[in-house]
Each structure stands twice: as C-alpha cells, then as structure tokens.
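Remember, it's 1-based here, ligands and their atoms both numbered in the order they're listed. Positions are given from 1, in the same order as the sequence printed here. Every heavy atom of this structure was used, including side-chain atoms; hydrogens, water molecules and symmetry mates were not.
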Amino acid sequence: MREVYLDYSATTPVKKEVLEEMLPYFCEKYGNASSLYTPGLEAKRALDKAREQVASLINASPQEIYFTGCGSESDNWVLNGAAEMLGSKGNHIITTVEEHHAILHTCDHLKKQGFEFTYLPIDENGRIDPAEVEKAITDKTILISVMLVNNEIGTVHPVKKIAEIAHSKGILFHTDAVQGLGNVPIDVKDMGIDLLSMSAHKIYGPKGVGALYMRKGLRLPNLIHGGAQENGRRAGTENVPGIVGFGKAAELAKANFDHHVAHASELRNYLAERIKAEIPYVHINGCMEERHPGNLNVTFEYIEGESILLLLDQFGICVSTGSACSSKSLKPSHVLAALGVSDELIHGTVRFSIGDFTTKDDIDYTVEKLKLVVERLRELSPLGPGKSW
Ligand SMILES: *Cc1c(COP(=O)(O)O)cnc(C)c1O
C-alpha cells in the first residue's frame with residue numbers, strides 16, 4: 001500500500017547521506033573517543049567535527065555544544081540544573097502553557113521541591129505577548145524558558161525579544177528549539193540565547209541524540225557524574241555514530257535551509273488552500289504568519305474521537321491528532337485547549353507536518369482520501385451538521 005508520511009514534527013526519516021556518514025562508526029571505526037591510540041583519536045575527531053557542524057547551524061562555537069541523549073534530556077538538564085544552581089537566589093521560573101511535556105513535566109517535578117511557575121498564556125492565534133513576560137518577572141525569578149516553535153500549531157515565538165527582557169533583569173533565558181531547528185533561522189548570539197535544546201531526529205538525523213547549547217561562561221551543574229566526556233558535564237561513553245549522524249544532519253539542514261523552507265511552505269499552503277476550498281466546517285488553528293513552514297493544524301468539526309487518524313491510516317496516510325505527542329492517552333492537547341478549542345473539537349483536530357520527502361502528489365492523494373474519510377465520519381456522527389440529537 002502507498003504510504004504518505006505527514007508527521008515530520010513527530011520524527012523524520014534518516015537521510016541516506018546521514019546514514020552513510022554513520023555506518024563506518026559501528027563496525028570499522030568503533031574506537032572509544034577517550035582512548036589515546038589511533039582508532040580512539042579517530043572517534044574523537046569525528047565528535048569534534050559533529051560538534052562544529054551542530055554549532056555552525058546555530059552560530060555557536062563548538063565548545064558551547066554538549067551532546068545529550070535526546071531533546072527531552074536537554075530540557076530536563078536546563079530546568080533541573082538551573083533550579084539546583086540558582087535555587088538559593090529564587091524559586092520562580094517563567095515558562096508557557098504550551099511547552100512540550102519535557103518542560104511541563106519537569107516543572108511538575110520541581111514544584112514538589114518548592115519551585116513556583118508562571119505559565120505565560122497564548123492568544124487565540126497561538127502567540128505569546130512579550131509584555132506578559134515582563135509582567136511575570138519577580139525578584140525570585142531565576143529562569144525564563146520559552147519554546148522557539150510550537151510542535152503542534154507551529155507558532156514561532158519572539159524569543160529574541162523575550163531574551164532581551166530576561167537579560168535586562170539579569171535572568172537566564174532558555175529556549176526549546178527542537179521544533180525550530182532547521183525550520184527557522186537560529187543565531188544564538190544575535191538572539192541572546194543562554195541555553196538552547198536540540199534533537200537530531202527532528203532534522204533527518206537518528207533518534208536518541210540531542211544537544212544542549214550552553215553559552216560560554218555558563219556552567220549548569222553536571223548532568224551525569226562520571227568520566228570526562230562532554231567536558232565533564234555529561235559523562236558516559238559517547239554515542240559516536242549517532243553524534244556523527246546529528247552532525248551530518250545539521251550540515252545538510254544548513255546547506256538546504258532555503259530550499260527546505262520553500263518546499264515545505266509551498267506544499268503546506270497548497271494543502272491548506274485545498275482543504276479550505278473542498279471540505280466544509282474546517283478551521284485552521286494558529287496563525288499563518290510566523291509559523292513552522294511545514295505545519296498545518298486543522299479542526300474538522302462534527303467528527304468524533306481519533307477516528308480520522310485511524311481511517312487515514314487505512315489509506316497509508318500518517319498524521320497526528322489533537323492528542324499528539326501522547327498518542328497512548330486520549331487526553332486532549334494542552335496546546336489546543338490553551339487556544340480555546342473545546343475538548344470535542346480537539347479530538348477532531350489533525351496536525352499535518354510536511355518535510356523534504358513530501359511531494360505534491362502526496363498532498364493530492366491526502367486531500368482525496370481526507371474528503372472521503374471526513375464525509376464518511378460525518379455521516380456516522382450524531383453531531384453532523386443539520387442533524388438533530
Ligand atoms: C520532539 C520534541 C522534544 C523532545 O525531543 P526528543 O529528542 O524526542 O526527546 C522536545 N521539545 C519539542 C518542542 C519537540 O518537538
């Protein structure tokens with residue numbers, strides 16, 4: 001059966017060029033990067049190169065890049081580390097209602113240790129008002145963490161402005177840039193970012209590798225105690241093939257940036273136009289400006305539960321629904337809820353995310369099947385337009 005993958009925000013396939021770079025580091029160049037003989041030095045050189053490639057994508061220096069096990073790990077490191085390091089100065093952290101669970105659930109953990117949180121609201125278009133940041137700051141605030149790009153509705157947030165506000169009060173600024181990396185321009189120096197989380201598998205690299213950018217001069221408490229890896233801050237023998245893959249993926253993301261953005265946004269806009277024109281009772285969530293180039297989040301009214309995802313899957317089409325990122329629970333998305341979308345409508349909401357391997361033909365196929373699926377489900381639904389209870 002045909003497969004149309006429209007869930008690039010959940011994960012991406014590893015690009016062939018990335019895999020090819022990685023392969024030698026499994027069976028041939030398997031040295032431990034801490035060893036001083038030739039194969040060890042070879043592995044060390046490979047790590048150095050990957051660190052440069054990742055640094056270059058965000059205009060950091062290689063010494064400011066710390067490889068981790070995933071984006072979630074980087075987020076955990078920042079919150080727990082800042083809490084430990086600055087807890088004696090204050091117990092207040094500012095973040096947003098629409099962060100990834102890697103942030104929100106770490107906040108829950110820190111609440112049990114006496115930390116207090118302000119969750120900045122989003123408006124009906126998914127935007128954060130920097131003035132709200134200013135208002136939320138108290139003399140106990142030690143960290144502000146605002147995601148660069150939201151993973152469900154794709155909103156790009158004004159982190160440069162927010163970082164400026166943070167620094168004017170001497171507060172650390174972190175951004176979860178997992179969804180932004182490779183999709184919006186990132187320059188940590190220009191944007192004044194102190195800490196930034198990344199993940200390889202969202203940019204055509206392998207799963208299980210992430211990184212934290214930590215501005216020079218800043219030292220969060222060490223994450224894993226042990227050997228001298230990652231400058232002593234995150235011990236454990238490095239995942240050399242994974243890190244090499246992350247490096248290559250970062251290099252490609254930089255080289256292909258303009259093409260990637262143009263391709264994704266063209267197909268995304270085409271999908272949006274066709275859905276609006278051909279399917280009644282739909283609503284696009286979030287704003288179309290300042291948005292992830294490949295993201296489209298659509299509510300289909302009069303559709304119950306996760307049925308739309310399951311029927312699309314029968315046609316080989318992969319998308320996420322309003323309970324995205326927690327597909328095992330049917331808990332409605334906290335992001336859509338924060339936008340003011342009702343629980344019922346959240347379950348009829350689909351996130352399409354488009355990437356480098358998506359074709360126009362994929363979109364045409366998707367729209368054709370989507371029309372069928374939506375029509376069929378609305379016929380079955382007691383809630384359908386014009387139907388009485
Ligand atoms: C995917 C994602 C993460 C988690 O990254 P992992 O590498 O899967 O742990 C964190 N934040 C955002 C915004 C994401 O989209």
(request) Indicate the ring-plane relationship of Phe357 and Tyr204, choosing parallel, tilted or perpendicular according to the 30° and 60° boundaries. (result) perpendicular
(message) Starting from Leu36 and following side-chain heavy-atom contacts under 4.5 Å between hydrophobic residues (I, L, V, M, F, W, Y), which residues can be reached?
(response) none
(request) Would you please write out the protein residues whose heavy atoms approach any atom of ligand 1 to under 4.0 angstrom, listed by chain and number? (result) Cys70, Gly71, Ser72, Asp75, His100, Met147, Asn151, Asp176, Val178, Gln179, Ser199, His201, Lys202
(message) Check Lys360 with Glu266, please: is the shortest side-chain N to carboxylate O separation under 4.0 Å?
(response) no
(message) Which residues pass the salt bridge (charged side-chain N to carboxylate O under 4.0 Å, His left out) test with Glu132, not counting sequence neighbours?
(response) Lys135
(request) Taking only Lys NZ, Arg NE, NH1 and NH2, and the carboxylate oxygens of Asp or Glu, determine whether Lys248 and Glu17 approach each other closer than 4.0 Å. (result) no
(message) Going by the rule side chain to side chain donor-acceptor pair (under 3.5 Å), which residues pair with Asp129 if we only count those two or more places apart in sequence or in a different chain?
(response) none
